[in-house]
Protein chains: 2
Amino acid sequence: MALGKDYAHQQCSIARSLEVVGERWTLLVVRDAFYGVRRYGDFLAHLGAPRAVLAARLQALVDAGVLDRRRYQESPPRDEYVLTEAGLALWPVLRALGAWGRDRIPGTLPMRRFHHAACGTELGPGGECPSAGCPSHGRAVPPADIEMRPGAGLDPDPADPVSRALLRPRRLLVPLEHEPPAGNSPAAPVVVPDGH
Amino acid sequence: MALGKDYAHQQCSIARSLEVVGERWTLLVVRDAFYGVRRYGDFLAHLGAPRAVLAARLQALVDAGVLDRRRYQESPPRDEYVLTEAGLALWPVLRALGAWGRDRIPGTLPMRRFHHAACGTELGPGGECPSAGCPSHGRAVPPADIEMRPGAGLDPDPADPVSRALLRPRRLLVPLEHEPPAGNSPAAPVVVPDGH
DNA sequence: TTCATCGGTTCATTCACCGAACCCAGCGGG
DNA sequence: CCCGCTGGGTTCGGTGAATGAACCGATGAA
């Protein structure tokens, strides 16, 4: 751990939080989870982190209760990582960090804009819906109700497929699409037998 | 840098922010700056970070425009580190991190509570003043208007003097007090000839 | 049988962090 | 003048974490 023992004696909730999410790559993993990334390979492609580090971070986040690892297919056995309640509660941290970088680091253009999905309004500086007519006017919009749209600073033609998928407007938390391995059965669009 | 080159190619304001404040100790330095810590020795005593690391972080934060280093006495020459505008804008990040740790890490008691200094009300989850009668009701309270009070999880008798000073309720950003080196001139309180 | 994919683990190298020691300028006292 | 103290660092050897390339194993497709 980057912080471990050293922050342990700190009498501070901020230090406690940093013990969990303060290591290199960790907050970017959580960010990607909000964007809909769930699989090891997708995190890997999008982050560019070393494989060993990514594996360690995912495991640590599962241990900390930020991510939940769950089986999404049996054969071959494959797991995905999804945000828990506690993980979802990290959204204000990411929003604040992103807003600071956009507003306070010179030469940073807006990369991604966040809109209230219900009314289409771009969220205010505190993550609240600023639309006077909206039922949730003035209150913080939960991540599941946020639509992410590309901003001016985003590379329009990125190399990796995950970044390309994230160029389109999308609801937060909705998983990235993946072709089932045998993609081309033109007349039978592969109905999943039972989701549960 | 903990992140440097690796995050540079990331098309993301969050990653950009983490390049600046994502390294070990950095956000705790900024936190202490909000609490009123300004001197190298006080950061050192309160954080317990290695001296070299602290010096590097302070320098990096100055370079990034988060802290401003300025002379507060000429003889001997002594500098202090104070938050810039951009540094003050990090308050929502720290508040969100602290709130997450307090609410989502099991066994964490509130360490510090933040109140609107004007009306005494404890701030809401978004850092806003929840008091209906307050002129700034519902709006985010700037750090300069926040009073910090000790919470239940705080060690009532810490070892280092900085932690002890931070036990008393205090306004954010107000510098820690320091005795002038020659303290006891009872009738002649050492008027500095000319400050400039 | 062979190949490809997914999700890792292993390993040697590099890098950052650690903490103790050292350094230096500017006082203040004798 | 010399000594020691204080504040604010720098230097340095040892250690642990990050890196990236290679390897591994299970499954399923060709």
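These numbers were taken from a predicted model, which means no experiment stands behind them. Chain letters run A, B, ... following the sequence lines, proteins first and then strands; every chain starts at 1.
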If you look at every strand shown and take non-hydrogen atoms under 4.0 Å, does A:Tyr81 touch a base, only sugar-phosphate, or nothing? sugar-phosphate

According to a strict under-4.0 Å criterion, is A:Arg69 in side-chain N/O contact with OP1 or OP2 of C:dG8? yes

Gap between atoms CG and C1', on A:Asp79 and C:dG7 respectively (whole Å): 9 Å

Rounded to the nearest angstrom, tell me the gap between atom CD in A:Glu23 and atom P in D:dG16. 16 Å

Hey, are A:Tyr72 and A:Arg39 close enough side-chain-wise for a donor-acceptor pair under 3.5 Å? yes

Please produce a list of atom pairs where a protein N or O lies less than 3.5 Å from an N or O of nucleotides 20-25 of chain C.
none

Round to a whole Å and report the spacing from CZ of A:Phe43 to P of C:dG8. 11 Å

Selected nucleotide, minimal atom distance to A:Tyr40 side chain, candidates C:dG7, D:dA18, D:dT10: C:dG7

Mind listing the side-chain donor-acceptor pairs of residues 152-162 of chain A below 3.5 Å, one per line with the distance, residues two or more places apart or on another chain?
| residue | atom | partner | partner atom | Å |
| --- | --- | --- | --- | --- |
| A:Asp155 | OD1 | A:Asp157 | N | 2.9 |
| A:Asp160 | OD1 | A:Ser163 | OG | 2.6 |
| A:Asp160 | OD2 | A:Val162 | N | 3.2 |
| A:Asp160 | OD2 | A:Ser163 | N | 3.0 |
| A:Asp160 | OD2 | A:Ser163 | OG | 3.3 |

For the pair made of CG in A:Leu47 and C1' in D:dA18, what is the distance, rounded to whole Å? 15 Å

Tell me yes or no: between the side chains of A:Thr108 and A:Arg102, is some donor less than 3.5 Å from an acceptor? no

Does A:Arg168 have any side-chain hydrogen bond (donor to acceptor under 3.5 Å, both in side chains) partners at least two apart in sequence or in another chain, and if so, which? none

Could you tell me whether the phosphate oxygens of D:dA17, OP1 or OP2, come under 4.0 Å of any side-chain nitrogen or oxygen in A:Trp25? no

I need the CZ-C1' distance between B:Arg57 and D:dT10, as an integer number of Å. 16 Å

Using the ring-ring contact (aromatic ring centres under 6.0 Å, His included) rule, take B:Phe114 and B:Trp91 through it: C-alpha gap first, then chi angles, then the decisive distance, then the call. CA-CA 12 Å; B:Phe114 299 101; B:Trp91 177 245; 5.3 Å; yes

Rounded to whole Å, the CG-P distance (A:Asp42 to C:dG8) equals 13 Å

Send over the distance from B:His178 NE2 to D:dG8 C1', rounded to a whole Å. 13 Å

Return the 5'-most residue of the pair B:Tyr72, A:Pro50 with respect to DNA chain D, ranking by each residue's nearest nucleotide. B:Tyr72

Is the shortest side-chain N to carboxylate O distance from B:Arg78 to B:Glu80 below 4.0 Å? no

Quick one: are B:Ser13 and A:Trp100 in side-chain contact, heavy atoms under 4.5 Å? no

Integer-rounded Å distance: D:dT10 P and B:Leu44 CG: 13 Å

